Amino acid sequence: MTLETKVVLYDAETAAALDFAPDGILRHLPTGAYTFETGGTLPSVVLGYETWGTLNEDASNAVFIAHALTGDSHVARGASTEAGWWDGFIGPGKTVDTDRFFVVAANMIGGCSGTTGPASLDPEGKPWGSRFPFTTIKDSVRLEARLADALGIQTWHTVLGGSMGGARALEWAVEFPERVRNCVVVACTAESSADQIAFAQVQSAAIRLDPDFAGGDYYANDSVPSAGLGVARRLAHVTYRTAAELDLRFGRNAQGEELPVGSPSLERGRYQVESYLDHQASKLANRFDANSYLVLTEALMSHDVARGHGSLEDALGRVEDVNFLVAAVDSDRLYWPEQSERLAKSLPNPCTVQYITSPIGHDGFLTDIEQLSDSLSESIFS
Ligand SMILES: CC(=O)SCCNC(=O)CCNC(=O)[C@H](O)C(C)(C)COP(=O)(O)OP(=O)(O)OC[C@H]1O[C@@H](n2cnc3c(N)ncnc32)[C@H](O)[C@@H]1OP(=O)(O)O
Ligand SMILES: N[C@@H](CCO)C(=O)O
C-alpha cells in the first residue's frame with residue numbers, strides 16, 4: 001500500500017489569511033496605540049509572532065520563547081522549511097516538546113523581523129527612523145502581555161530566553177509575577193553592567209558615526225549605514241566568542257592565497273580571523289536594520305529589573321512564587337558566570353546555576369543549549 005503524503009507549505013501572506021495557525025509561520029497582531037516606559041508613543045504597534053503546537057483547554061501549557069539581540073521569532077521549523085535558531089531544542093519530542101506545549105515566540109518591539117520598528121511607517125507613510133521612541137525591555141514585555149491576552153493565555157507555563165532573551169524572560173517574571181509559573185534565564189543578568197554598557201556604547205557609536213546614518217533617517221537615501229553596523233557586529237561578535245576559541249581556530253593564520261601575512265616582507269595581508277569577522281559583519285548588515293540594532297542595543301543597555309521597584313531585592317521579592325532556572329555559559333566573557341551566580345543568590349528561593357560547558361563563550365547559549373535539556377526536563381518540563 002502506498003501512503004500519499006501531502007506536504008503543505010505556507011508563505012507568511014497565506015498564513016495570515018488563514019483562520020488557523022500553522023506552526024512556525026510569521027503572523028501579525030495589531031495591538032493598538034502604545035505609550036513607552038520613557039513616555040514616547042506610537043499610534044499603533046503590530047507584533048510579529050509565531051506559534052507551535054496547540055494551546056490546551058485551560059491554557060496551562062503555553063511557553064514563551066524570547067529571542068536575543070539579533071534573533072527573531074523563528075525559533076523552530078514547523079510548517080516553514082527554514083531552520084529555526086533553536087531547532088534542536090524546540091519541536092515535537094524535543095526538550096521544549098511542541099507535542100505537549102504551545103510555544104509562542106514574538107519579535108521584539110523596535111526590531112526588524114515583523115514587529116513595529118524604526119523602519120515601519122507612520123500614519124503618513126514615512127518610516128519612523130529617528131522618531132522611533134526610546135525602547136526598554138519592559139516595553140517588550142508589556143507589549144507581549146497584549147499578545148498573551150489575545151491568545152487567551154493568562155499565565156505562561158514558562159518564559160525562557162538567552163542573552164537579551166534572558167533579560168526579557170526575567171523582566172516578564174518581575175513585571176507580571178502572577179502570569180509566570182517558571183522562568184528560565186540563560187546567559188543574562190539582573191541588570192546590564194558598566195562593562196556590558198561600554199561594549200554596547202562602542203557599537204552604538206559605530207553606527208551613529210557612519211556618515212550614511214543621517215541621524216537615523218536614511219531609508220530614502222541611496223546608502224544605509226551598513227559600514228557602521230558591520231563594525232558594531234565585529235566588536236559584538238568578539239564578545240560572543242572566547243580568546244581561546246579564536247586562537248585555536250584561526251591563530252595567526254593568513255586567509256587563503258591572498259595573504260602574505262607573516263611573510264618576510266611583513267606586507268599587510270588578511271588574517272583568517274579578520275576574514276571571519278568581515279563575514280559576520282556583512283552577514284548581519286545584509287539581514288538587519290541599523291536603527292533596529294541601535295534601538296535593541298540601547299534597550300539592553302537600559303536593562304535593570306530593579307527600575308521602578310526600589311531595589312533589586314524588592315524587584316526580586318515579587319517573584320517568590322515563580323520557579324526559576326538560571327544558567328550560564330562557563331566561558332562567557334560578556335555575561336559573566338559570576339553575574340548569573342549573583343542573580344541566582346538574589347532570588348527569593350534557593351536556585352543553583354546550571355552550566356553550559358563550552359569553549360566558545362557567550363554564543364554557547366545558541367550552539368550548546370541542549371546541555372540544559374536534562375535540568376529543564378527535570379525541573380521545568382517534567
Ligand atoms: C538568538 C539569536 O541571535 S538567533 C539568530 C541566529 N543568530 C545569529 O544569526 C547570530 C549570528 N551567528 C552566530 O552568532 C553564530 O553563527 C552561531 C552562534 C549561530 C553559530 O556559531 P558557529 O556554528 O560556531 O558558527 P561561527 O560563528 O563559527 O560562524 C560560521 C560562519 O563563519 C564563516 N567562516 C568561518 N571561518 C571563516 C573565515 N576564515 N573567513 C570567512 N568566513 C569564515 C563560515 O563559513 C560560516 O559562515 P555561514 O554562517 O555564512 O555559514
Ligand atoms: N548571536 C547572538 C548573540 C547575542 O546575544 C545574537 O546576535 O543575538
Side-chain angles (χ1 to χ4, degrees), residues 50 65-77 82-90 105-108 110-114 137 140 160-169 184-189 192 196 199-200 203 229-230 232-242 244-259 261 269-290 292-293 295-297 299-301 303 327-329 331-336 340 356 358-370:
E50 297 176 42
I65 308 286
H67 67 73
L69 187 69
T70 69
D72 56 35
S73 59
H74 197 59
V75 295
R77 222 173 272 260
E82 195 190 326
W85 51 265
W86 261 352
D87 246 348
F89 183 60
I90 300 170
N107 292 300
M108 184 167 153
C112 52
S113 306
I137 302 295
S140 155
L160 186 167
S163 195
M164 189 179 75
R168 291 165 70 196
V184 183
V185 180
V186 186
C188 195
T189 57
S192 291
Q196 286 146 4
F199 278 124
Q203 296 170 49
L229 178 58
R233 184 58 159 190
R234 285 177 180 86
L235 174 68
H237 197 79
V238 173
T239 68
Y240 300 156
R241 316 297 286 213
T242 57
E245 188 225 5
L246 295 179
D247 236 20
L248 189 71
R249 280 177 75 176
F250 305 112
R252 297 184 45 77
N253 296 338
Q255 180 71 20
E257 294 302 309
E258 53 186 295
L259 293 168
V261 174
R270 198 153 77 121
Y271 293 96
Q272 253 180 36
V273 69
E274 293 182 291
S275 167
Y276 172 68
L277 290 183
D278 289 346
H279 179 75
Q280 300 294 343
S282 62
K283 221 176 146 182
L284 186 78
N286 285 333
R287 73 171 174 91
F288 218 79
D289 177 34
S292 281
Y293 193 89
V295 168
L296 299 181
T297 296
L300 190 51
M301 286 162 102
H303 169 54
V329 183
S331 57
D332 196 331
R333 62 169 157 182
L334 181 60
Y335 286 88
W336 303 349
S340 300
I356 293 174
S358 166
I360 77 164
H362 184 65
D363 266 348
F365 88 91
L366 291 169
T367 56
D368 292 288
I369 188 71
E370 285 140 71

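Along the sequence shown, residues are numbered consecutively beginning with 1. Every value quoted in this text rests on a predicted model; they were computed, and no experiment measured them. When a ligand or atom number is given, it counts from 1 through the structure's own listing order.
Within 4.0 Å of ligand 2, heavy atoms belong to protein residues A68, L69, T70, G71, S163, R233, Y240, H362, D363, F365, L366.
The option from E274, R241, R233 that lies nearest to atom 12 (N) of ligand 1, judged by heavy atoms, is R233. Among H237, H279, E245, the residue whose heavy atom lies nearest to atom 42 (N) of ligand 1 is H279.
Judged by the 6.0 Å distance and 45° axis criteria, R249 is positioned over the aromatic ring of Y276.
For atom 2 (C) of ligand 1, the nearest non-hydrogen atom of the protein is G71 CA, 3.5 Å. Protein heavy atom nearest atom 4 (S) of ligand 1, with residue, atom name and distance: W85 CG, 3.2 Å. When hydrogens are left out, the protein atom nearest atom 49 (O) of ligand 1 is K283 NZ, 2.5 Å; that is the closest non-hydrogen contact.
Remark: ligand 1 atoms within the under-4.0 Å shell around heavy atoms of L366 are 1 (C), 2 (C), 18 (C). Within ligand 1, the atoms closer than 4.0 Å to a non-hydrogen atom of A68 are 1 (C), numbered from 1 in the order shown.
On a distance-only criterion, Q280 and ligand 1 share at least one N/O pair closer than 3.5 Å. Ligand 1 has an N or O atom lying under 3.5 Å from an N or O atom of Y276, backbone or side chain. Geometrically, ligand 1 and H67 share no nitrogen or oxygen pair separated by less than 3.5 Å. The shortest N or O to N or O distance between S275 and ligand 1 is below 3.5 Å. Residue-to-ligand polar distances place D363 within reach of ligand 1: an N/O pair is separated by less than 3.5 Å. Ligand 1 has no nitrogen or oxygen under 3.5 angstrom from a nitrogen or oxygen of T367.
Residue R287 touches ligand 1 through its side chain alone, judged by heavy-atom distances below 4.0 Å.
For M164, the closest heavy-atom approach to ligand 1 does not fall below 4.0 Å. Residue contacts with ligand 1 leave out Y240, since none of its heavy atoms falls under 4.0 Å from the ligand.
When distances from atom 16 (O) of ligand 1 to the protein are checked, no heavy atom turns up under 4.0 Å.
Note on D278 versus R234: salt bridge recorded, some NZ/NE/NH1/NH2 to OD/OE distance being below 4.0 Å.
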